[in-house]
Every structure is written in structure tokens, then in C-alpha cells.
Amino acid sequence: AQPQVIVVCVDLSEPIAKNAINDWERELLSSYSQEKYKLVVVGTKADIFHPGSKEALRKIIEEREDKIPYVECSAKTGKNVQAVFDKVKN
């Protein structure tokens, strides 16, 4: 079965690799046909982020042509947890 939505979670408490999202997407495309699916990127642990991680991830997303929905959240504080579900749903 093909997924309708794929959520890629990126740990903001660790340094962000420049190709993190593109590497994940390549892996996903090798596992699933190239039918349309919605890709949502979630920056997790926003409460304890590594210096530079938020900016690096935002830059990666902004550089892409296909405006990926992105949200930062913290399960610990509850900040934006509902927003993650809203991005997936909409």
C-alpha cells in the first residue's frame, strides 16, 4: 500500500546534516513508487535544540522548490504537538 502522508522527524537537539531531508526522501522513493504523497517535516525536541539546528533545517526547507510543510514541536512541553497533526491533516 502506498502512503498518503510521510512524516520525517528531525531531532533538533543534534546537528543537522545538510542532506538530511534529501537522503530520507531518496530512501522513501526507493521503497515506494513515485506516486504523490504529502511529505511533512517535523523538528522535534524544540525545547532543547542544538545551536544552529533550527536555522539549518529551516534553510534546507526554504531551498527546496516544493514548499514542504514544516513545524517544530516539543513533546516535553507540548508546544506545537497539535500543530503536527494539523499539518498532516491539511
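What's counted below: heavy atoms across the whole structure, side chains too, no hydrogens, waters or symmetry copies.
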Minimal non-hydrogen separation, [X] against [Y], with atom names:
X: P69; Y: K87; value: CB-CD, 4.0 Å
X: S13; Y: K45; value: OG-CD, 3.5 Å
X: Y70; Y: R58; value: CE2-CG, 4.0 Å
X: L57; Y: L12; value: CD2-CD2, 3.9 Å

Pairwise distance OG(S74) to CD1(I48) - rounded to 0.5 angstrom =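 So the gap between those two atoms works out to 7.5 Å.
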Give the C-alpha distance, both sets of side-chain angles, the deciding distance and a yes or no for side-chain contact (heavy atoms from CB on, under 4.5 Å) between V10 and T44.
-> CA-CA 6 Å; V10 180; T44 63; over 6 Å; no
Apply side-chain contact (heavy atoms from CB on, under 4.5 Å) to the pair C73 and V42, showing each step before the final yes or no.
-> CA-CA 7 Å; C73 72; V42 178; 3.7 Å; yes
Pair I68-V40, side-chain contact (heavy atoms from CB on, under 4.5 Å): steps then yes or no = CA-CA 6 Å; I68 303 173; V40 177; 5.7 Å; no
Under a 4.5 Å side-chain heavy-atom rule over Ile, Leu, Val, Met, Phe, Trp and Tyr, are I60 and I6 clustered together?
->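 The answer is yes; both residues are in one hydrophobic cluster.
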Joint cluster assignment, V71 & I61, ILVMFWY side-chain distance < 4.5 Å |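 In one cluster: no.
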Passes side-chain contact (heavy atoms from CB on, under 4.5 Å), V88 versus D86? Steps please.
-> CA-CA 5 Å; V88 169; D86 293 343; over 6 Å; no
Take atom CD of Q4 as the centre, draw a 6.0 Å sphere, and report whether it contains more than 12 heavy atoms from other residues, nucleotides or ligands.
->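 Incorrect, the count does not exceed 12.
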